There are 2 protein chains.
Amino acid sequence: MPAQNPVASRLSREVIVDAYLRLVEAEDNDSVSLRRLGGELGVDPTAVYRHFRDKDEILTAAADRLLAEVTDGVELSGGWRDQLRDLLLALRRVYLVHPRALLALQLSPPRLENGFGNVERCIALLREAGVAEDEVPIAYEALETYTIGATVFDARATQESLAGWRQLYRMLPADRFPNLTATAASLYLDIDKAFRYGLDLMLDAIETRVRGA
Amino acid sequence: MPAQNPVASRLSREVIVDAYLRLVEAEDNDSVSLRRLGGELGVDPTAVYRHFRDKDEILTAAADRLLAEVTDGVELSGGWRDQLRDLLLALRRVYLVHPRALLALQLSPPRLENGFGNVERCIALLREAGVAEDEVPIAYEALETYTIGATVFDARATQESLAGWRQLYRMLPADRFPNLTATAASLYLDIDKAFRYGLDLMLDAIETRVRGA
DNA sequence: ACCTGAACACCGTTCAAGT
DNA sequence: ACCTGAACACCGTTCAAGT
């Protein structure tokens with residue numbers, strides 16, 4: 001029985017993705033560099049190029065893993081409306097924590113993996129709701145783009161930046177901005193609530209449409 | 001009459017912002033570096049630091065100028081619904097062309113400038129519509145976040161990336177993804193139309209609520 | 001008062017060399 | 001087959017020096 005080479009196969013796609021997710025979670029820093037990733041792995045910064053074509057491919061692999069958790073972590077019950085709502089809120093939760101990795105998905109669709117369960121589910125629920133067949137794609141797109149777009153935008157915000165806007169609006173000349181100055185103090189107090197408000201608007205309107213049909 | 005120093009005051013905040021917007025418009029490149037900006041201005045790359053604290057402040061100044069154009073470029077007519085719709089579509093148009101500069105606004109609200117007209121207008125229209133006073137802020141937030149978030153997300157997409165997702169979804173195993181494979185060919189054919197669909201859902205629901213009140 | 005230019009501390013990525 | 005390490009071509013930003 002020959003001695004195992006202790007250096008052989010220390011790295012793998014899985015180990016690299018693990019380390020990457022550990023780093024983004026540990027630091028609220030904006031970005032994880034390959035040099036930091038190499039440090040975390042105890043390996044030369046360029047070693048990961050033996051397993052991934054470029055940095056984007058690492059983000060993509062990480063995102064696929066995260067997306068698979070969306071449907072795993074949520075058990076759906078109730079009518080199509082509640083299920084659709086819970087699914088999109090679960091999607092938001094994942095995007096809130098890892099906006100950067102998940103945004104990488106947009107530009108390079110991953111090959112053949114496991115993160116598509118939530119999309120299948122969403123479309124199935126829209127059909128179940130009775131949305132007209134030719135409206136299903138566009139309705140899905142609207143819900144998806146709202147959820148992802150608004151969430152990635154919200155993920156960038158900080159309490160300071162939100163308070164900064166409130167204060168700026170409050171200080172504006174009241175004669176030229178009567179509505180804005182009056183509303184300023186109530187803005188951006190709960191961005192999650194605002195997201196849910198908008199989602200419910202969309203679901204309300206869909207419900208009304210399928211009832212009328 | 002003393003000779004003017006030909007070098008004096010070649011640079012100004014305005015000239016720098018002009019050059020910056022010229023560059024982002026000319027190139028579909030991802031980012032404009034300060035070295036390229038210096039080249040465009042015929043000046044050392046670090047000269048702009050005499051007029052702006054950092055790169056973000058340049059983006060912010062550019063964004064403020066763009067926002068002012070939102071209300072300038074659009075003449076509003078009709079009821080609150082049409083006006084609100086036109087205003088948000090005009091906001092989308094500006095964000096589609098300059099997503100990066102406008103995103104800089106989110107984190108550092110500009111001092112005392114002229115880009116807030118559209119916000120004042122939106123809130124005024126929601127009041128005019130008859131939205132309950134305590135719902136106005138959250139309704140505004142939902143509409144704003146949808147418009148900006150979805151648009152910044154859409155601005156990143158390319159015809160190739162959209163086609164890539166269509167094809168990926170189409171190739172998935174039909175037994176595990178019956179709805180997704182069936183819908184795949186109809187997805188992402190017109191993302192502007194999808195945005196308008198979602199916006200109309202929201203406006204429909206608001207209309208229904210204020211009628212019921 | 002404003003611009004220059006060297007320098008600093010970073011990036012992602014390539015590629016010949018090691019083992 | 002996989003990792004190393006020097007190198008390349010970039011970044012944003014600082015700061016002493018020029019005029």
Side-chain angles (χ1 to χ4, degrees), chain A residues 2-21 23-24 26-63 99-101 103-108 156, chain B residues 2-21 23-24 26-63 99-101 103-108 156:
Chain A
Q4 292 267 84
N5 182 345
V7 175
S9 67
R10 240 193 20 271
L11 243 42
S12 68
R13 288 173 68 97
E14 208 195 340
V15 169
I16 292 170
V17 168
D18 283 342
Y20 172 76
L21 288 176
L23 279 180
V24 270
E27 341 216 354
D28 42 6
N29 271 13
D30 29 26
S31 176
V32 173
S33 74
L34 293 188
R35 282 168 174 82
R36 294 244 315 286
L37 184 58
E40 173 76 12
L41 287 162
V43 122
D44 189 272
T46 67
V48 298
Y49 280 93
R50 248 53 58 194
H51 300 86
F52 293 96
R53 229 169 31 117
D54 54 21
K55 193 186 183 182
D56 239 49
E57 210 181 82
I58 302 178
L59 298 203
T60 296
R100 205 168 295 253
L103 264 180
L105 280 186
Q106 186 187 14
L107 297 185
S108 54
R156 289 169 43 102
Chain B
Q4 290 268 81
N5 182 346
V7 175
S9 67
R10 243 200 6 279
L11 243 42
S12 68
R13 288 173 68 97
E14 208 196 342
V15 169
I16 292 170
V17 169
D18 282 344
Y20 172 78
L21 289 176
L23 280 179
V24 270
E27 342 219 350
D28 41 7
N29 271 13
D30 27 27
S31 177
V32 173
S33 75
L34 293 188
R35 281 166 174 82
R36 293 246 314 286
L37 184 59
E40 175 76 12
L41 288 162
V43 123
D44 189 90
T46 67
V48 297
Y49 280 92
R50 247 53 57 196
H51 301 85
F52 293 96
R53 228 167 33 116
D54 54 21
K55 192 185 184 184
D56 239 50
E57 211 181 82
I58 301 178
L59 298 202
T60 297
R100 205 168 295 254
L103 265 178
L105 280 186
Q106 186 187 12
L107 298 184
S108 54
R156 290 169 42 102

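Letters go in sequence order (proteins before strands), and every chain restarts at 1. Note that the structure is predicted; figures quoted are calculated from it, not measured.
Atom CZ in Arg100(A) sits about 11 Å away from atom P in dG12(C), given to the nearest Å. The interatomic distance linking Leu34(A) (CG) with dG5(D) (C1') rounds to 15 Å, in whole Å. Here dA9(C) presents its C1' atom at 17 Å from CG of Asp54(B), a figure rounded to the nearest Å. Atom P of nucleotide dT13(D) and atom CZ of Arg36(B) are separated by 16 Å, given to the nearest angstrom. Taking atom CG on Leu41(B) and atom C1' on dT4(C), their separation rounds to 15 Å, with Å as the unit. Here the P atom of nucleotide dA7(D) and the OH atom of Tyr49(A) are 18 Å apart, to the nearest Å. For Asp56(B) and dT13(D), the CG to C1' distance is 13 Å, given to the nearest whole Å. Rounded to a whole Å, the CG atom of Leu37(A) is 12 Å from the P atom of dC11(C).
Proximity of a side-chain donor or acceptor of Arg156(B) to a complementary backbone N or O of Leu103(A) within less than 3.5 Å is detected. With Asp18(A) contributing its side chain and Leu21(A) its backbone, the two residues share no donor-acceptor pair below 3.5 Å.
Pair check for dT14(C) finds dA6(D); Watson-Crick or G-U wobble, both atom distances under 3.5 Å. Taking a pair to require two hydrogen-bonding distances under 3.5 Å in either a Watson-Crick or a G-U wobble arrangement, dA1(C) pairs with dT19(D).
Looking at the side chain of Arg50(A), the nearest of the listed nucleotides dT14(D), dG12(C), dT4(D) is dT4(D). Nearest nucleotide to the Asp44(A) side chain, out of dT4(C), dG12(C), dT4(D): dT4(D). Side-chain atoms of Arg35(A) lie closest to dA7(D) of the nucleotides dT4(D), dT14(C), dA7(D). Of the candidates dT4(D), dG12(C), dA7(C), dG12(C) carries the atom nearest the Lys55(A) side chain, counting heavy atoms from C-beta on. The listed nucleotides are dT13(C), dC3(D), dT13(D); the one nearest the side chain of Leu11(A) is dC3(D).
Atom P of dA9(C) sits at a distance of 22 Å from the matching atom of dA9(D), rounded to the whole Å.
A heavy-atom distance below 4.5 Å is not found between the side chains of Thr60(A) and Phe52(A).
Remark: His51(A) is not in phosphate contact with dA1(D), judged by side-chain N or O atoms under 4.0 Å from OP1 or OP2.
Between Glu40(A) and Arg35(A) there is no salt bridge, since none of the side-chain N atoms of the basic residue sits less than 4.0 Å from a carboxylate O of the acidic one.
For dG12(C), its base never sits under 3.5 Å from the side chain of Thr46(A) at any donor and acceptor pair.
Atoms NZ and OH, from Lys55(A) and Tyr20(A) in turn, are 6.5 Å apart once rounded to the nearest 0.5 Å.
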